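Read the structure below first, then the notes.
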Amino acid sequence: MSKGDYPVTPAVRMLRDQKVSFAPHLYDYQEHGGTARSAAELGVDEHAVVKTLVMETDTREPLIILMHGDHEVSTKELARAIGAKTVAPCKPDVAQKHTGYMVGGTSPFGTRKRMPVYAERTIFDLPAIYINGGKRGFLVSLDPQALKRLLPVTEVAVALASR
């Protein structure tokens, strides 16, 4: 895929500006298809597809949690790990306000507002991850260690067993 064959989103601009090596992957987005859909479309293991979830604490502080596509987030464990009473997903319009991205196209890179980023620690054991590039139907693959270089990432262990 040449440079002109994929969208230039704030996420792509950030990756380029920081000289991060990545490969773009377009797929046919389906509403509520989730990571199972993108993994199947791209022919990759859903465990390597990392979802970007925008949540907020009981004091309405927004945060991003990065999780394997085939796992769910234990919000109870996440709250405990970050010292909050509770953590819950943001409403889609609130998430879009914080990130500048539509739900289903949320990338942790190039967000409108800087937020703390938490990542399931086992993500960093993978040789490559597929993460949203800032548009529905658009993932980028990259070395998971790049997350630590680009974002204020805190590793956590908050995954619930595979579905």
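Fair warning: this is a prediction, and the values are worked out from it, not measured in the lab. Numbering starts at 1 and runs along the sequence shown.
Interatomic distance, Tyr29 OH to Glu41 CD, rounded to the nearest 0.5 Å: 12.5 Å. Distance check: Asp70 CG to Lys51 NZ gives 8.0 Å after rounding to the nearest 0.5 Å. Going from atom OG of Ser38 over to atom CD of Glu46 covers 7.0 Å, rounded to the nearest 0.5 Å. In this structure, the separation between CG on Leu42 and OH on Tyr27 is 7.5 Å, given to the nearest 0.5 Å. Note: Thr154 OG1 to Ile64 CD1 = 12.0 Å, rounded to the nearest 0.5 Å. Note that the OG1 atom of Thr35 and the CD1 atom of Ile131 stand 12.0 Å from one another [nearest 0.5 Å].
By the criterion of side-chain heavy atoms lying less than 4.5 angstrom apart, applied directly or through intervening Ile, Leu, Val, Met, Phe, Trp or Tyr residues, Met67 is not grouped with Phe124; the two fall into different hydrophobic clusters. When the side chains of ILVMFWY residues are joined at heavy-atom separations under 4.5 Å, either directly or via intervening members, Ile123 and Leu150 end up in a single hydrophobic cluster. Hydrophobic clustering (side-chain heavy atoms under 4.5 Å, transitive across Ile, Leu, Val, Met, Phe, Trp, Tyr) keeps Val44 apart from Leu26. Connection of Val87 to Met115 is not established within any shared hydrophobic cluster, with ILVMFWY side chains joined at heavy-atom distances below 4.5 Å, either directly or through further cluster members. Under the 4.5 Å side-chain heavy-atom criterion for grouping Ile, Leu, Val, Met, Phe, Trp and Tyr, Val158 is connected to Leu53 within one hydrophobic cluster.
Nearest heavy atoms, Ala128 versus Pro144: CA-CD, 4.0 Å. Scanning all heavy atoms of the two residues, the minimum distance from Lys135 to Pro7 falls at CD-CG, 3.5 Å. Closest of all the heavy-atom pairs between Cys90 and His98 is SG-CD2, 4.4 Å. Residues Val20 and Ala146 come closest through the heavy atom pair CG1-CB, 3.9 Å. Smallest separation of non-hydrogen atoms from Ala11 and Gly133: CB-O, 3.4 Å. The shortest heavy-atom contact between Ala39 and Val49 is CB-CG2, 3.9 Å.
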Quiz item: Thr106 and Asn132: side-chain contact (heavy atoms from CB on, under 4.5 Å), yes or no, with the steps?
Solution: CA-CA 6 Å; Thr106 305; Asn132 202 290; 5.8 Å; no
Quiz item: Leu151 and Met14: side-chain contact (heavy atoms from CB on, under 4.5 Å), yes or no, with the steps?
Solution: CA-CA 11 Å; Leu151 303 169; Met14 181 180 182; 4.2 Å; yes
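Taking 4.5 Å as the limit, every side-chain heavy atom of Phe109 sits out of range of all side-chain heavy atoms of Gln18. Contact of the Pro62 side chain with the Lys97 side chain is not registered, since no non-hydrogen atoms from C-beta on lie closer than 4.5 Å. Counting heavy atoms from C-beta outward, His71 and His47 have side chains that approach closer than 4.5 Å. When side chains are defined from C-beta on, Arg37 does not count as touching His32, because their heavy atoms never get closer than 4.5 Å. Contact check for Pro108 versus Leu66: side-chain heavy atoms found under the 4.5 Å cut-off. Counting heavy atoms from C-beta outward, Ile129 and Leu142 have side chains that approach closer than 4.5 Å. Within the 4.5 Å cutoff, the side chain of Thr52 has no heavy atoms near those of the Thr99 side chain. Tyr101 places none of its side-chain heavy atoms less than 4.5 Å from the side chain of Val54.
Counting non-hydrogen atoms of other residues, nucleotides and ligands closer than 6.0 Å to CZ of Arg121 gives a total of 12 or fewer.
The aromatic rings of Phe22 and Tyr6 sit perpendicular to each other, their planes meeting at more than 60°, with 30° as the lower class boundary.
Looking only at distances, no side-chain donor or acceptor of Gln96 sits under 3.5 Å from a matching main-chain atom of Val103. Between the Thr9 side chain and the Val12 main chain, a donor and an acceptor come within less than 3.5 Å of each other.
Checked options Thr86, Thr75, Ile82; the residue passing with Met55 is Thr75 (criterion: side-chain contact (heavy atoms from CB on, under 4.5 Å)).
Scored by the side chain to side chain contact (heavy atoms under 4.5 Å, CB included) test, Ser21 finds no partners at all (sequence neighbours excluded).
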